[in-house]
Amino acid sequence: MDLNRLTPDELILWDFGWGAINATIAFTWVVMALLGVGSWLVTRRLSDGPEMSRWQHLLELTVGFLTAQIEEIGDRRPARHVAFVGTLFVFIATSNALLVVPGFIAPTASLSTTTALALCVFVAVPISGVAAVGVGAYLRQYLQPTPFMLPFNVMGELSRTLALAVRLFGNVLSSTKIVAILLAVAPLVFPVVLSLLGLVTGLIQAYIFAVLATVYLASGTRVHEHAHAREREPEPALSPSPTRKEA
């Protein structure tokens with residue numbers, strides 16, 4: 001990445017006059033194409049027997065790991081979120097892992113990409129909550145404990161989304177900048193070590209983003225389910241007061 005550019009959005013690869021394609025869009029398409037072709041190759045010959053390909057084994061390990069992580073975070077039904085969280089994890093991990101390829105610029109180093117990912121989480125949280133307890137019960141939670149908390153609850157949702165986007169953007173961008181600076185200073189000493197370090201860091205960032213998304217989904221769903229359950233609980237019957245025995 002050019003050190004004079006803050007994000008890959010500023011690197012224009014093709015300018016058609018009526019529109020332009022920057023590095024963020026181009027490399028996002030590259031990641032999407034790789035994931036699409038890879039998914040087709042891995043799933044075209046799935047086997048439910050003891051013998052399976054290495055790629056299917058890796059796929060099942062990934063799905064099992066994500067399912068276990070979602071369940072440990074507190075979601076009692078991890079299957080409903082594993083596809084969404086897994087997609088986020090695989091996209092971010094692939095984008096960051098491809099940094100070891102010379103000339104590749106991670107789309108996650110762009111604030112527009114991380115904002116789009118955070119907005120996906122922002123939209124998924126109420127959808128999950130509504131699916132769990134219904135529209136009315138979900139919206140009533142924004143009025144708890146009093147209706148005066150409505151603006152603060154909404155601001156909390158927005159600030160959480162902003163923090164999710166900026167955290168991933170800042171971590172990936174700073175890692176990319178540091179690697180570029182060290183490679184410019186000592187190109188014969190640092191390449192292999194920094195490539196491995198960047199690969200590990202990129203996978204960690206993908207894991208953190210997926211975990212935070214799972215936390216938001218699980219906490220929102222769990223809170224609304226508990227509140228909905230309390231609303232449906234019948235009130236305990238009042239026991240009759242004891243009568244005094246007549247003397």
Side-chain angles (χ1 to χ4, degrees), residues 1 5-11 13 21-39 59 62-63 65-67 69-70 73-75 78-101 104-131 154-177 179 198-221:
M1 179 185 292
R5 296 186 178 92
L6 180 61
T7 71
D9 292 344
E10 302 175 9
L11 178 58
L13 300 181
I21 297 178
N22 56 27
T24 301
I25 297 176
F27 287 108
T28 299
W29 288 346
V30 171
V31 175
M32 292 169 57
L34 290 176
L35 292 178
V37 174
S39 299
L59 177 62
T62 303
V63 174
F65 170 76
L66 291 174
T67 303
Q69 291 296 307
I70 294 174
I73 289 174
D75 194 336
R80 57 183 173 181
H81 294 147
V82 67
F84 175 71
V85 175
T87 301
L88 293 176
F89 174 78
V90 172
F91 176 80
I92 297 173
T94 303
S95 299
N96 295 343
L98 288 176
L99 281 172
V100 300
V101 178
F104 183 85
I105 302 176
T108 47
S110 167
L111 186 59
S112 59
T113 300
T114 58
T115 301
L117 296 174
L119 287 176
C120 290
V121 178
F122 176 77
V123 174
V125 170
I127 291 178
S128 179
V130 169
V154 174
M155 289 175 60
E157 295 285 342
L158 296 176
S159 61
R160 185 172 64 184
T161 303
L162 178 62
L164 193 63
V166 174
R167 180 186 292 107
L168 178 61
F169 163 71
N171 290 332
V172 175
L173 180 64
S174 61
S175 176
T176 305
K177 290 289 187 180
V179 171
L199 177 61
V200 174
T201 304
L203 294 177
I204 292 175
Q205 294 305 322
Y207 175 76
I208 292 175
F209 191 96
V211 166
L212 291 176
T214 304
V215 169
Y216 298 153
L217 288 168
S219 62
T221 303

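- Contact between Thr28 and Pro107 at its shortest, heavy atoms only, is OG1-CB, 3.3 Å.
- The OG atom of Ser159 sits 11.0 Å away from atom CG of Leu164, with the distance rounded to the nearest 0.5 Å.
- Heavy-atom minimum distance, Ala23 versus Leu13: CA-CD1, 3.9 Å.
- Every residue meeting the side chain to side chain contact (heavy atoms under 4.5 Å, CB included) condition with Phe122, not counting sequence neighbours, appears here in chain and number order: Glu157, Leu158, Thr161.
- Between Leu168 atom CG and Thr113 atom OG1 the span is 9.0 Å, to the nearest 0.5 Å.
- Heavy atoms only, all atoms of each residue included: Gly202 and Asn96 are closest at O-ND2, 3.0 Å.
- By the 4.5 Å heavy-atom criterion applied to side chains, Leu98 and Phe27 are not counted as neighbours.
- Residue Ile105 holds its CD1 atom at 8.0 Å from OG1 of Thr24, rounded to the nearest 0.5 Å.
- For Asn22, there are no side-chain hydrogen bond (donor to acceptor under 3.5 Å, both in side chains) partners two or more places apart in sequence or in a different chain.
- Interatomic distance, OG1 of Thr108 versus CD1 of Ile92, reported as 7.0 Å (0.5 Å rounding).
- In plain terms, the two heavy atoms of Leu217 and Ser128 that are nearest each other are CD2-CB, 4.3 Å.
- One distance of note links CG of Leu212 with CZ of Arg167; it measures 5.0 Å at 0.5 Å rounding.
- Annotation: side chain to side chain contact (heavy atoms under 4.5 Å, CB included) contacts of Leu35 (sequence neighbours excluded): Val31, Val90, Phe91, Thr94.
- Going from atom OG of Ser110 over to atom CG of Leu11 covers 11.5 Å, rounded to the nearest 0.5 Å.
- For the side chain to side chain contact (heavy atoms under 4.5 Å, CB included) test, residues two or more places apart in sequence or in another chain that qualify with Ala165 are Thr114, Thr115, Ala118.
- Remark: Tyr207 pairs with Phe65, Gln69, Phe89, Val211 by the side chain to side chain contact (heavy atoms under 4.5 Å, CB included) rule, at least two apart or across chains.
- The heavy-atom pair separating Ala213 from Leu88 by the smallest distance is CB-CD1, 4.0 Å.
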